[in-house]
Amino acid sequence: MNIFGQIILATLIISYLINLIVDYLNIKSLKSDVPQEFKGIYDQESYQKSQAYTKDKTAFGTIENTFNLILLLCFWFLGGFNALDLWVRSFGFNELISGLVFIASLALAKTVISLPFSLYSTFVIEEKYGFNKSTLSIFVSDLFKGLLLSFIIGLPILALLLTLFEKAGSLAWLYCWIAVTAFSIIMQILAPTLIMPLFNKFSPMPDGELKTAILDYASKVNFSVQDIYVMDGSKRSSKSNAFFSGLGKFKKIALFDTLIENHTVPELVAVLAHEIGHYKKKHILQGMILSILSSGAMFYLLSLFLTKAQLFEAFKMQNISIYAGMLFFGLLYTPVDFLLSIAVNLLSRKNEYEADEFAAKTIQKPMVMADTLKKLSKDNLSNLTPHPLYVFFNYSHPTALQRIEAIQRLAIN
């Protein structure tokens, strides 16, 4: 095995072992007693339920990750990539069509292989803990809608990238970067109105106390609000959430119906104040810029390794192709992506503290924000005592306890 194969193999195994270790530490860090800050919110029964949920999800995740790693290694070492490539080439398609069929075949196979895990997660684990509200028909409908969108949107983008790398010479990476950046911005605008409604119903929030409170708060902090929607999150899960999407005048504020059902008006305003805080603190713009820069670096590195003979030798390939090179580079890029994800999570956790601070100060009742976090933790059976190493590698948000303690300090000051 050459150096490229060694790097990819080592990365796959090390990543798997890191996940295994931090999962183990995370389970060992579960405490028997409810943390002081959550007493009165969690009783012992609901606290034990949240711990059991964490254990079941972790065990299931370990099984799925182990299966996927073994399957990938078997497919790799038994020459599966080369066999698929030879099969695709046997149809006599041109390079572009062959590339689309090659990558689409792997993507479809991955979807089919992951299907039993998705079904078990939804209809066994989530059902066991009272979260799942989805039906088999909704599950199947979501699956086919996702595949259809991948075909309508994903294949043309992939075709464009393959064509650019084949025809555009040394600056292909730059043109690909520009194309993907433009596509991402367009999707930010179109997704709220064209794609998201394919999966959920968004109903304008009716006039009343909640809408008035949200509009009054938005006016107070000079935040332009076009529309506020209620999303039928209860169609699939009892978990609660709220989010903003879109850019500029295409922004959409949506609250899950489950969130509205389980929280008071001041608490719901606090949730939206946190999201508005991200806009006011330029976190959305910051995230977009970092994403654009990292994708540019990725495309440049891709251009350097795309047709390296040693990369194809590592996967037992008889033919060198742009489409297979893109796939293999994705595996080679894994260590860079792993390090980037840690850095992004560090920045994200910092931004969450800033958004919490903005919300706590502007609603003028910081402890309402803290109470909201406590109730959300209970509603979603969050792990209240995750291991610090698990948080470091996996959390884009500080733990609920860390956020509450920070808000408490703000209230004192």
Side-chain angles (χ1 to χ4, degrees), residues 41 130-131 133-135 138 141-142 145 187-285 352 354-380 403 407 411:
I41 300 294
F131 289 131
K133 303 299 178 185
S134 184
T135 63
I138 291 174
S141 174
D142 287 348
K145 287 176 185 176
M187 289 305 296
Q188 284 280 339
I189 296 171
L190 296 182
T193 53
L194 295 182
I195 296 178
M196 293 169 61
L198 295 175
F199 296 89
N200 287 96
K201 181 180 179 181
F202 291 84
S203 304
M205 181 175 288
D207 293 335
E209 181 185 4
L210 176 57
K211 185 175 182 179
T212 299
I214 292 172
L215 292 175
D216 287 347
Y217 172 79
S219 176
K220 186 178 85 169
V221 296
N222 297 316
F223 183 79
S224 175
V225 176
Q226 295 285 331
D227 299 296
I228 307 171
Y229 293 90
V230 179
M231 193 189 91
D232 60 342
S234 59
K235 178 180 178 181
R236 292 177 179 81
S237 175
S238 63
K239 291 182 179 180
S240 303
N241 206 350
F243 63 91
F244 287 4
S245 61
L247 295 173
K249 66 179 183 179
F250 296 97
K251 292 196 299 291
K252 175 179 286 189
I253 299 177
L255 287 78
F256 283 33
D257 51 2
T258 49
L259 185 73
I260 294 174
E261 182 180 348
N262 295 330
H263 293 268
T264 65
V265 169
E267 290 169 347
L268 293 168
V269 171
V271 171
L272 288 177
H274 171 91
E275 299 300 332
I276 291 173
H278 282 304
Y279 275 91
K280 288 292 186 177
K281 297 292 183 178
K282 310 296 184 188
H283 297 158
I284 310 301
L285 179 62
E352 291 301 323
E354 289 185 358
D356 279 347
E357 181 179 2
F358 177 89
K361 287 181 177 179
T362 54
I363 62 175
Q364 298 178 336
K365 295 179 180 179
M367 294 315 298
V368 171
M369 187 72 192
D371 291 341
T372 305
L373 289 171
K374 293 176 185 179
K375 290 175 69 173
L376 281 170
S377 296
K378 183 183 178 183
D379 291 344
N380 297 330
R403 294 174 69 183
I407 291 169

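None of these values were measured; they are calculated from a predicted model. We number each residue from 1, following the sequence as shown.
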message: Checking side-chain polar atoms at under 3.5 Å, does His283 have a donor or acceptor matched by the opposite partner on Glu352?
response: no
With distance as the sole test, does [X] use its side chain to make a donor-acceptor pair with the main-chain N or O of [Y] at under 3.5 Å?
| X | Y | result |
| --- | --- | --- |
| Ser377 | Leu373 | yes |
| Lys375 | His263 | no |
| Lys211 | Ile228 | no |
| Thr258 | Lys239 | yes |

I want to check something: taking the side chain as every heavy atom from C-beta on, are [X] and [Y] in contact at a cut-off of under 4.5 Å?
| X | Y | value |
| --- | --- | --- |
| Tyr229 | Ser203 | no |
| Leu272 | Leu268 | no |
| Leu259 | Asp379 | no |
| Ile195 | Met187 | yes |
| Ile253 | Phe223 | yes |

Check against side chain to side chain contact (heavy atoms under 4.5 Å, CB included), Val230 and Leu255: CA-CA 5 Å; Val230 179; Leu255 287 78; 5.5 Å; no
message: Quick check on Lys201: does its NZ atom have over 12 non-hydrogen neighbours (other residues, nucleotides or ligands) under 6.0 Å away?
response: no
Find the distance between [atom1] ([X]) and [atom2] ([Y]) and round it off to the nearest 0.5 Å.
| X | Y | atom1 | atom2 | answer |
| --- | --- | --- | --- | --- |
| Asp142 | Asn200 | CG | CG | 8.0 Å |
| Arg403 | Asp356 | CZ | CG | 4.0 Å |
| Glu267 | Lys365 | CD | NZ | 11.5 Å |
| Asp232 | Lys133 | CG | NZ | 14.0 Å |
| Asn380 | Ser237 | CG | OG | 7.5 Å |

Heavy-atom pair of closest approach, residues [X] and [Y]:
| X | Y | value |
| --- | --- | --- |
| Asp257 | Ser234 | OD2-OG, 2.6 Å |
| Ala191 | Pro197 | O-CD, 4.0 Å |
| Phe202 | Ala254 | CE2-CB, 3.8 Å |
| Val265 | Ala213 | CG1-CB, 3.6 Å |
| Ile363 | Ala273 | CG2-CB, 3.8 Å |
| Ala355 | Gly277 | CB-C, 4.3 Å |

message: Is the positively charged end of Lys145 above the ring of Phe199, judged by distance under 6.0 angstrom from the centroid and angle within 45° of the axis?
response: yes
message: My understanding is that only one of Lys282, Glu275, Lys280, His274 makes a side chain to side chain donor-acceptor pair (under 3.5 Å) with His278; could you say which?
response: His274
statement: Paired with Thr372, the side-chain contact (heavy atoms from CB on, under 4.5 Å) test is passed by just one of Val271, Thr264, Val269, namely Val271
